[in-house]
Amino acid sequence: MPHPFRLYNTLTRKVEDFLPIEAGKVRLYVCGMTVYDHCHVGHARAMVVFDAFTRYLRHRGWEVTFVRNFTDVDDKIIARALEKGQDPLAFANHFIDEFHVEMAELGLELPTHEPRVSDSMDAIRELIETLVARGHAYPAGGNVWFSVTTCEDYGKLSNQRVDELKSGDDVQGKAHGSDFALWKAAKPGEPAWPSRWGPGRPGWHIECSAMVCKHLGETIDIHGGGLDLVFPHHENEIAQSECGIAKPYARYWMHNGLLTLSGGQKMGKSLGNVINIHTALSEFPAEAIRLYYLHNQYRSPLPWNSDALPEALTMLSRLYDALEKAQAMQGDEEPERVAKDLGEDALAVLELGRGFTEKFLAACDQDFNTAQALAHLFELARAVNRFAAHKKAKKRGRPVVTPALRAFELLRSALGLFTMAPNEFHAVVKSKRLAALGLDRAAVEAKLAERTRARETKDWARSDALRDELAALKIEVLDLADGVDWRVQLD
RNA sequence: GGUGAGGUAGCCAAGCGGUUAGGCAAUGGUUUGCAAAACCAUCACACGCGGGUUCGAAUCCCGUCCUCACCUCCA
């Protein structure tokens, strides 16, 4: 039996108990990319949030059907492709392929379905025909427009009133300034699909309505996307679908907050202030990026600056260090006995570990509050580190740290973090940071080896000089109890 | 102008009527050949401002000042 949870619903502006249409099942649709450019770190937030949310739901026992579309037929795609002398669909496909590679690298699971506009023409035309037949849409000069004034509760998601909207582009043939295109007549040289209104292509909003219906049914449980899609995109989807099928479209609307720059201004393609996810992934491990997104509540704006990823990596490294220490512990006694013998710190890590699952999932159950859920993990990690300083922890500590190890496993299955072994993680960090600074690994390791030789003969002057040289290259040397390690500075 | 979100210690950020959230930075300490990492302590009895309700408010109510987003393509 799946576990209940609560979710903020943009439609009602309240956190509500989630009630599924069909017991045990969640039908989730999330607006994906319009593929005319690279995926940036703002898009990636939405992708990671809904990937993590899906993992959490499945962990909680829900059967999730997750659909995320690609908009591969669109004005901007066509304009950009023709500018470069390329076929628009091939141009879009190129970015879809890149998106898949980057999302795999980011550690995303594939959605159940990834429909494309170009594959959904039948469903789109069918819905438009229904809307025309029902009097909610009208053809004019090869275009088909949706008539917002025929939709009684138009504006219910964004609380807009038709008569107060600034009127959009003044296109000939439109009956009302806020009417929007369902079908656009093709101009010469543009890709076109046949229809009873003449050759053309779908408008932006109709595709999602059609794909939702085709893959998930007439009414779905949760519709997600970025907060910037509330109006007009999601508002228009509701209008089209509810006028077309005369049933509610989506029961819960879940919107992720946007990435913001200094001063709170949002990051967006139109503002030209974006960082591609490819760039971030080349310099930081995927899980550091994931932690950056998930350490904030998904609805809050998330500030982006040059410290964001270094800070997230610092946090993640500390957590992996705790995991590594816990994994290194041995022993197979009764946990209570070990806790009794080794003192307060052992007892603390045992108790925090045992209480973790409940606290972690309770936070996720309350509007997917990963910020609070992760705070519990930091408490646990500190307890592990504190206990690890005990001189008998390594030999006998395993039993008291076993619940903590399970906590890290829970993070992997419920949020997609800690999917690597700690040594693997450290290796990834090193290679990405070296690449980010353009450093040569062999040269660094040669200097380190030379320094180790100097230390063996207690030639501290030489050893420290080499450490300074490495520091100048932004390499920090760590002399550990069982050898030498190093890392690349983050500032 | 319309609609919505928000203002929490140096910075970021949970909480939303009564128990130290958490992170990052900084400073001191333990440790170390010296460092780094880790741990401990401090910064932190903080909640835009002014009233009110309450035994009790960051949390509720009224007023007020700011910030951001959407209303045009945007995750």
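Every value quoted in this text rests on a predicted model; they were computed, and no experiment measured them.
Remark: Arg13(A) is not in phosphate contact with U3(B), judged by side-chain N or O atoms under 4.0 Å from OP1 or OP2. Taking side-chain N and O atoms only, Lys359(A) has no distance below 4.0 Å to OP1 or OP2 of A21(B).
Annotation: Phe70(A) is in aromatic contact with His100(A) [ring centroid separation under 6.0 Å]. Separation of the Phe95(A) and Tyr36(A) ring centroids does not fall under the 6.0 Å cut-off.
At a threshold of 4.0 angstrom between heavy atoms, the contacts of Gly32(A) are confined to the sugar-phosphate backbone, with no base atom among them. If you check every strand for non-hydrogen atoms under 4.0 Å, Arg455(A) touches a base. Heavy atoms of Thr260(A) sit nowhere under 4.0 angstrom from any nucleic acid atom. Within the 4.0 angstrom heavy-atom criterion, only backbone atoms of the sugar-phosphate kind lie near Gly225(A); the bases stay farther away. At the heavy-atom level, Lys325(A) lies under 4.0 Å from the strands shown only through sugar-phosphate atoms. Asn296(A) comes within contact range of the sugar-phosphate backbone alone, with a heavy-atom separation under 4.0 Å but no base atom that close. At the heavy-atom level, Asp479(A) lies under 4.0 Å from base atoms of the strands shown. Within the nucleic acid shown, Asn256(A) comes within 4.0 Å of at least one base atom, counting heavy atoms only. Using a 4.0 Å heavy-atom cutoff across all strands shown, Met267(A) reaches at least one base atom of the nucleic acid. At the heavy-atom level, Val477(A) lies under 4.0 Å from base atoms of the strands shown. Base contact: Leu259(A) has a heavy atom under 4.0 Å from a base atom.
Distances were taken from every side-chain heavy atom of Asn369(A) (C-beta onward) to each of G23(B), A13(B), G15(B); the shortest belongs to G15(B). Residue Ala46(A) places its side chain closer to A75(B) than to any other of C39(B), C34(B), A75(B). Nearest to the side-chain atoms of Glu311(A) among the listed nucleotides A36(B), C24(B), A75(B) stands C24(B). The side chain of Thr314(A) lies closest to A25(B), out of A25(B), G22(B), A37(B). Each of A36(B), A5(B), G33(B) was ranked by its minimum atom distance to the side chain of Leu478(A); first place goes to A36(B). When distances run from any side-chain atom of Gln372(A) to the nucleotides G15(B), C39(B), G22(B), the shortest one goes to G15(B). Side-chain proximity of Met315(A) to the nucleotides G15(B), C24(B), A37(B) is greatest for C24(B). Each of A75(B), A21(B), A38(B) was ranked by its minimum atom distance to the side chain of His40(A); first place goes to A75(B). In the set G23(B), A35(B), A21(B), A35(B) carries the atom at the smallest distance from any side-chain atom of Arg467(A). Of the candidate nucleotides C70(B), A75(B), C24(B), C24(B) has the atom lying nearest to any side-chain atom of Arg318(A).
Taking atom CG of Leu380(A) as the reference point, atom C1' of A21(B) lies 15 Å away to the nearest angstrom. With rounding to whole Å, His376(A) atom NE2 is found 12 Å from A21(B) atom P. Between Glu476(A) atom CD and A37(B) atom C1' the separation is 9 Å, expressed in whole Å. Whole-Å rounding puts the Leu229(A) CG to C71(B) P distance at 10 Å. Note: CG (Asn385(A)) to C1' (A36(B)) measures 15 Å, nearest angstrom. Atoms CG (Leu309(A)) and C1' (G23(B)) sit 15 Å apart, rounded to a whole Å. The NZ atom of Lys76(A) sits 14 Å away from the P atom of U72(B) (whole-angstrom rounding). In this structure, the CD atom of Glu235(A) is 14 Å from the P atom of U3(B), given to the nearest Å.
Comparing the same atom, C1', in A13(B) and in G6(B) gives a spacing of 13 Å after rounding to whole Å. Across C66(B) and U20(B), the matching P atoms stand 36 Å from one another, rounded to whole Å.
Geometrically, Arg299(A) engages Tyr8(A) in a cation-pi contact defined by less than 6.0 Å to the ring centre and at most 45° from the axis.
Between Asp37(A) and Lys76(A), no side-chain nitrogen of the basic residue sits less than 4.0 Å from a carboxylate oxygen of the acidic one, so the salt-bridge criterion is not met. Ion pairing of Arg451(A) with Asp464(A) is absent here, as no side-chain N (NZ or NE/NH1/NH2) approaches a carboxylate O to less than 4.0 Å. Between Glu109(A) and Arg68(A) there is no salt bridge, since none of the side-chain N atoms of the basic residue sits less than 4.0 Å from a carboxylate O of the acidic one.
Ile96(A) contributes atom CD1, which lies 11.5 Å from atom CD of Glu98(A) (distance to the nearest 0.5 angstrom).
In this view, Tyr56(A) and Asp365(A) satisfy the side-chain hydrogen bond (donor to acceptor under 3.5 Å, both in side chains) rule, not counting sequence neighbours.
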Self-check item: Canonical and wobble pairing (Watson-Crick, G-U, under 3.5 Å) of RNA chain B, dot-bracket with |
Solution: (((((((..(((.....[...))).(((((.......))))).....(((((..]....))))))))))))....
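When the nearest nucleotides of RNA chain B are assigned to Asp228(A) and Pro301(A) by heavy-atom distance, the more 5′-ward of the two goes with Pro301(A). If you find the closest nucleotide of RNA chain B to Ser317(A) and to Arg451(A), the one lying nearer the 5' end belongs to Arg451(A).
Between Tyr154(A) and Ile238(A) there is no side-chain heavy-atom pair separated by less than 4.5 Å. In this structure, Arg6(A) and Glu16(A) have side chains that are not in contact, with every pair of non-hydrogen atoms separated by 4.5 Å or more.
For G33(B), the base is stacked against the aromatic ring of Trp460(A), per a cut-off of 5.5 Å between centres and 30° between planes.
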